Amino acid sequence: MELTEDRRKEIDIICDRITEGESLRSILKDNVPFSKSTFFDIVAANSDIADQYTRAMAERQEMLFEEIITIADSQEDDISLVPDGSKVTNHNAIQRN
């Protein structure tokens, strides 16, 4: 599939946004001038774009993994002080993390 310069710029923007953590579904809902199937047709027909998309997905996965670990390791709201000075365990925060 032949790519115009404008379409190539759109692909670059999509991959950048994926790298920043956005899903392809949310990006394509945001006034992108082609559908999900067209995007995947472009990826399938262009090995350089397939590589770019693969790298973007891997970077997003790494970012999300790091975020998951940070949240899981957080103890920020696990214990609260009540007005009488005693400590109360916040089970909801622990379970959510």
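Computed from a predicted structure; not experimentally measured.
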Which heavy-atom pair separates Cys15 from Ala56 by the least distance, and what is that distance? O-CB, 3.5 Å

Applying ring-ring contact (aromatic ring centres under 6.0 Å, His included) as the test, list every pair that has at least one member in residues 5-26; sequence neighbours left out.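 Sorted result for residues 5-26: empty, none.
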
Mind checking whether [X] and [Y] have side chains closer than 4.5 Å, heavy atoms only?
X: Ile18; Y: Glu59; value: no
X: Asp48; Y: Arg8; value: yes
X: Leu24; Y: Phe40; value: yes
X: Ile11; Y: Asn46; value: no
X: Leu28; Y: Ile14; value: yes

Can you tell me if Ser26 uses its side chain to pair, donor with acceptor, with the backbone of Glu22 under 3.5 Å? no

Please check: side-chain N/O of Thr38 versus main-chain N/O of Phe34, any donor-acceptor pairing under 3.5 Å? no

Residues in side-chain hydrogen bond (donor to acceptor under 3.5 Å, both in side chains) contact with Arg55, at least two apart in sequence or another chain: none

Could you work out the complete set of other residues in the hydrophobic cluster of Phe65, with links drawn between I, L, V, M, F, W and Y side chains under 4.5 Å apart?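 Members besides Phe65, by chain and number: Ile69.
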
Taking a hydrophobic cluster as the set of Ile, Leu, Val, Met, Phe, Trp and Tyr residues connected by side-chain heavy atoms closer than 4.5 Å, whether directly or through intermediates, do Tyr53 and Met63 fall within one such cluster?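 Tyr53 does not cluster with Met63.
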
Quick check for you: to the nearest 0.5 Å, what is the distance between [X] atom [atom1] and [Y] atom [atom2]?
X: Ser23; Y: Met57; atom1: OG; atom2: CE; result: 9.0 Å
X: Asp30; Y: Arg25; atom1: CG; atom2: CZ; result: 15.0 Å
X: Ile27; Y: Lys36; atom1: CD1; atom2: NZ; result: 11.5 Å

